[in-house]
Q: 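Before we start, here is the structure in question, set down as structure tokens.
Convention: sequence-line order gives letters A, B, ...; per-chain numbering from 1.
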Number of protein chains: 2
Amino acid sequence: MDQLHTSNGQTLSELCEHLDMTRQAVTKHLVILEEANLVATVWRGREKLHYLNPMPLHEIYERWIGKYERYRLRALSDLKKGLEEKNHER
Amino acid sequence: MDQLHTSNGQTLSELCEHLDMTRQAVTKHLVILEEANLVATVWRGREKLHYLNPMPLHEIYERWIGKYERYRLRALSDLKKGLEEKNHER
DNA sequence: TTGACATGCAACCATTGGGTTGCCTATATT
DNA sequence: AATATAGGCAACCCAATGGTTGCATGTCAA
């Protein structure tokens with residue numbers, strides 16, 4: 001993903017040049033990313049172009065970050081409230 | 001994490017009650033989460049209380065979401081620009 | 001002080017993950 | 001038509017993951 005992020009629409013062998021694994025290993029990654037809908041592909045002749053699919057990251061965000069991020073903010077405001085109460089006690 | 005999210009500060013055995021694995025399995029998860037600084041623990045007598053540490057999720061966000069989220073927004077604005085240009089050609 | 005409870009530690013096991021090699025097919029190039 | 005290039009498919013390998021069981025230790029309660 002990082003590799004595609006620096007230059008989108010790369011071909012399989014192009015990607016391989018910058019990655020320290022076999023072509024097949026890279027293929028495996030790409031297959032998974034395709035299945036996860038994070039990468040879309042287009043055939044151009046014998047070449048397969050790979051594009052980052054920018055949309056579905058939002059779901060990941062919602063599942064893993066948003067929920068806890070909201071919690072984080074709540075924790076902060078709780079802390080603030082706590083400090084304020086302590087303050088008022090004096 | 002989800003379990004702690006519903007009720008923070010639970011003890012190991014409390015967590016086990018809601019999770020379908022051995023106590024040791026749960027322990028392993030917790031050890032990893034502690035090492036990753038996602039969970040903080042406090043000993044109270046023979047009990048070990050577990051608290052979600054809300055802070056470091058931001059790093060995960062930056063690494064995995066923020067970067068691509070910005071990309072996502074750029075992709076959208078590129079699309080918009082492309083449409084506008086097509087429009088002007090007419 | 002003895003027994004029950006909460007947790008830790010270590011060895012073990014099966015499955016998965018991430019990689020490799022070898023061979024095959026389809027498209028370009030000459 | 002022959003060869004080189006881009007990619008796919010399948011079998012295999014090893015280490016890491018995610019669980020288990022068994023036993024040891026520390027703390028509370030009677």
Q: Within this structure, what is the CD-CD distance for the pair A:Glu47 and A:Glu14, rounded to the nearest 0.5 Å?
A: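 Atom-to-atom, A:Glu47:CD and A:Glu14:CD are 7.0 Å apart.
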Q: In whole angstroms, how far is the C1' atom of C:dG18 from the CG atom of A:Leu33?
A: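 Taking CG of A:Leu33 and C1' of C:dG18, I get 13 Å after rounding.
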Q: On DNA chain C, check which nucleotide each of A:Glu47 and B:Trp43 is closest to and give me the residue with the more 5' one.
A: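 Closer to the 5' end of DNA chain C: B:Trp43.
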Q: With a 4.0 Å limit, can you tell me whether A:Ser13 has a side-chain N or O closer than that to the phosphate oxygens OP1/OP2 of D:dG7?
A: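 Yes, within the criterion.
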Q: Side-chain N or O of B:Thr27 versus OP1/OP2 of C:dT7: is the shortest distance under 4.0 Å?
A: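 No, B:Thr27 has no side-chain N/O under 4.0 Å of OP1/OP2 on C:dT7.
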Q: What is the distance from CG of A:Leu15 to P of D:dT5, rounded to the nearest Å?
A: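 After rounding, the reported distance stands at 19 Å.
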Q: When you measure from the side-chain N and O atoms of A:Thr11 to the phosphate of D:dA6, is any distance below 4.0 Å, counting only OP1 and OP2?
A: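 Looking at the OP1 and OP2 atoms of D:dA6, neither is under 4.0 Å from any side-chain N or O of A:Thr11.
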Q: Tell me whether the side-chain N or O atoms of A:Gln24 pair up with the base of C:dG18 as donor and acceptor below 3.5 Å, since no angle test is needed here.
A: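 Absent.
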Q: When the distance from NZ of A:Lys48 to P of C:dT25 is rounded to whole Å, what number comes out?
A: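 Answer to the nearest Å: 18 Å.
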Q: Quick one: label B:Lys28 by what it contacts on the DNA or RNA (base, sugar-phosphate, nothing), any heavy atom closer than 4.0 Å.
A: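 Base, at least one base heavy atom under 4.0 Å.
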Q: Given atom CZ of A:Arg23 and atom P of D:dC9, what is their separation to the nearest angstrom?
A: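 Going from CZ in A:Arg23 over to P in D:dC9 covers 11 Å.
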Q: Between atom CG in B:Leu19 and atom P in D:dT20, what is the gap in whole Å?
A: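 For the pair B:Leu19 CG and D:dT20 P, the rounded distance is 11 Å.
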Q: From C-beta outward on B:Met21, which listed nucleotide comes closest to its side chain: C:dA6, D:dG19, D:dT21?
A: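 Out of C:dA6, D:dG19, D:dT21, the nucleotide with an atom closest to B:Met21's side chain is D:dG19.
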Q: Can you tell me the distance, in whole Å, between the CZ atom of B:Arg44 and the C1' atom of D:dC28?
A: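 From B:Arg44 CZ to D:dC28 C1': 13 Å.
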Q: Any side-chain heavy atom of A:Leu49 within less than 4.5 Å of one from A:Thr41?
A: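 They are not in contact (no side-chain heavy atoms under 4.5 Å apart), so the answer is no.
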Q: Please report the distance, rounded to the nearest Å, between NE2 in A:His29 and P in D:dG8.
A: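 Nearest whole value for this atom pair: 15 Å.
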Q: Hey, is the side chain of A:Arg46 pairing donor to acceptor with the base of D:dT5 inside 3.5 Å?
A: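 Answer is yes: a donor-acceptor pair is held.
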Q: Are A:Leu15 and A:Gln3 packed together at the side-chain level, in the sense that at least one heavy-atom pair is separated by less than 4.5 angstrom?
A: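 A side-chain contact under 4.5 Å exists here.
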Q: What nucleic acid atoms does B:Thr22 come within less than 4.0 Å of, heavy atoms only: base, sugar-phosphate, or nothing?
A: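 Here B:Thr22 touches the bases of the nucleic acid.
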Q: Atom OG1 of B:Thr6 and atom CD of B:Gln10: how far apart are they, to the nearest 0.5 Å?
A: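 Reported to 0.5 Å precision, the distance equals 5.5 Å.
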Q: With no hydrogens and no angle check, is any side-chain donor or acceptor of A:His18 less than 3.5 Å from a backbone partner on A:Cys16?
A: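 Checking the backbone N and O of A:Cys16 against the side chain of A:His18, no donor-acceptor pair under 3.5 Å is found.
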